[in-house]
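Report on the structure given below.
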Number of protein chains: 2
Amino acid sequence: MGTEGERLGLRERKKQETRIALSWAAIRLAVERGLDNVRVEDIAAEAGVSPRTFNNYFSSKGEAVAARHFDRARRIAEELRARPASEPLWEAVTNAVVERFALGQEGAGESTPDRQWLDGVRLMISDPALTGAFLAAATTAEAELAAAVAERTGTDVAADLYPRLVAGAVTAAIRVAMEQWLRADPPVSIVLLLRDALGQLAAGLPTPPHAS
Amino acid sequence: MGTEGERLGLRERKKQETRIALSWAAIRLAVERGLDNVRVEDIAAEAGVSPRTFNNYFSSKGEAVAARHFDRARRIAEELRARPASEPLWEAVTNAVVERFALGQEGAGESTPDRQWLDGVRLMISDPALTGAFLAAATTAEAELAAAVAERTGTDVAADLYPRLVAGAVTAAIRVAMEQWLRADPPVSIVLLLRDALGQLAAGLPTPPHAS
DNA sequence: GGCGGATATTGCGCGATCCGCATAATTACG
DNA sequence: CGTAATTATGCGGATCGCGCAATATCCGCC
């Protein structure tokens, strides 16, 4: 019998790989020609599986596109758990977020892997047909973040508003910061935007003395 | 000549009515038998229009179900604008939210109109196939709230993070409060939950001394 | 009161999606 | 190496979402 928690086998690995391959393929093609000009058949072909298999992994094209974002968001909770318990909550959260969302925002040419993820996010935000999947992914990941926050603060996910409130606000802050980042001209650092947004949250979102 | 801003005509009214009728029909049927057991044809029939017309109003069943929630969320921005400029932002926001989301939570039997909306929300939260549309609706309404916040605080929706950050956090808080409300046993006042959630936001989400 | 233009509704048809089901292929494990 | 379990695939069907063109309906104006 396999040690349950351990590495569940080489088979599971393969599954994750095809899942990721399908997601990347969906993103790449959708960015390139627009989502409606991409059929499931194309995505499946790009990933080297049958069309029917695509739907074993994702129930829609949108879900496939959002999957990468989902995985990334998931990691925030993971990262938060990994941070020393001595850090105050907001410091830990900020570090966790920055750690996972900081990407090579400069020097990168065109083909950085992050670059593709970025294009994917831009697409999900701009295409109305994708925002649903995008938000659903973020919200699902949010639940794990809430659990991590509950752990760290000694609150109860089921009974207290607090952990889910924090998770929800953080998720929203990340989204807003990314939206801003994507259209900022001239470009600004995503890290700065994230820190700014989370800082304002932790400060109680006081009305700024006057706009910039 | 029609006074421009006024009532834009009896025709527009009719459109809104069918839109609302379609949305209610979608909610009612979906609550009753589950979304997959409802076809577009059924919804259209219930609203007294042809199936083809349904898709002139909504691009999916989910969108139709979420439409009521969307309209309600929209009104928050409206209400916020209506509040006296003398009120501090968070007081105004809280009042606006409570004003629009407070519903007869007791004494009502089964057939209150609010009751149906409530069932709709419960459905959207529980059915994964609907959360996307639900969140998309909330996020779209969020943009209007951000605009209202910007107006009130003298910030710039395009340039500053602030107004969209507030709108995003408030939207998340409302969602979390409603989730909590829907499963609270024994029941608690939605108004209390909303005030609590928004209060914590305005306080900077400090880690509570210890869980309840 | 009735006409002309504009707008909404409808019917038709097609390509595509999503999923259940049964079968074949692949892998894990003894 | 063989058997059991898991996954990939092929097939079929019920819907869906929407473009298009024809029809019905409403609004504003004379």
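So you know, we letter chains A, B, ... as the sequences are listed, proteins then strands, and number each from 1.
- Rounding to whole angstrom units, CG of residue B/Asn55 and P of D/dC20 are separated by 16 Å.
- For the atom pair CD of A/Gln180 and CD1 of A/Ile190, the computed distance is 9.5 Å after rounding to the nearest 0.5 Å.
- Whole-Å rounding puts the A/Lys61 NZ to D/dC16 P distance at 17 Å.
- The phosphate of D/dT9 (OP1 or OP2) has a side-chain N or O of A/Thr53 nearer than 4.0 angstrom.
- Using a 4.0 Å heavy-atom criterion, one finds that A/Phe58 contacts no nucleic acid atom at all.
- Taking 4.0 Å as the cut-off between side-chain N and carboxylate O, A/Arg183 and A/Glu179 do not count as a salt-bridged pair.
- The neighbour count for B/Arg122 CZ, taken as heavy atoms of other residues, nucleotides or ligands under 6.0 Å away, is above 12.
- DNA chain C lies under 4.0 Å from no heavy atom of any residue of residues 28-43 of chain B.
- Here A/Lys15 reaches the OP1 or OP2 of D/dT7: one of its side-chain N or O atoms lies under 4.0 Å away.
- Using cut-offs of 30° and 60° for the angle between ring planes, the B/Trp117 and B/His69 rings count as parallel.
- Straight-line distance from the CG atom of A/Asn56 to the C1' atom of C/dA22: 14 Å, rounded to whole Å.
- An end-to-end axis angle of 40° holds for the helix from C/dG1-D/dC30 to C/dG30-D/dC1, taken from five base pairs per end and rounded to 10°.
- Ranking D/dT7, D/dC18, C/dC21 by closeness to the A/Arg52 side chain, first place goes to C/dC21.
- A side-chain donor-acceptor contact under 3.5 Å links A/Tyr57 and A/Thr18.
- Within the nucleic acid shown, B/Phe54 has no heavy atom closer than 4.0 Å to any nucleic acid atom.
- Note: OH (A/Tyr57) to C1' (C/dC19) measures 17 Å, nearest angstrom.
- Around atom CZ of B/Arg75, no more than 12 heavy atoms belonging to other residues, nucleotides or ligands sit under 6.0 Å away.
- Considering only side-chain N and O atoms, A/Lys14 lies nowhere under 4.0 angstrom from the phosphate OP1 or OP2 of D/dT7.
- For the pair B/Lys61 and B/Phe54, the cation-pi test (distance below 6.0 Å, angle within 45°) is failed.
- Spacing between atom CZ of A/Arg13 and atom C1' of D/dT6 amounts to 18 Å, rounded to whole angstrom units.
- For the residue pair B/Arg68/B/Gln116, the side-chain donor-acceptor check at 3.5 Å is not satisfied.
- Of the listed nucleotides (C/dT9, C/dC19, D/dG17), C/dT9 has the atom at the smallest distance from the side chain of B/Thr18.
- Here the closest non-hydrogen pair linking B/Pro51 and B/Val40 is O-CG1, 4.1 Å.
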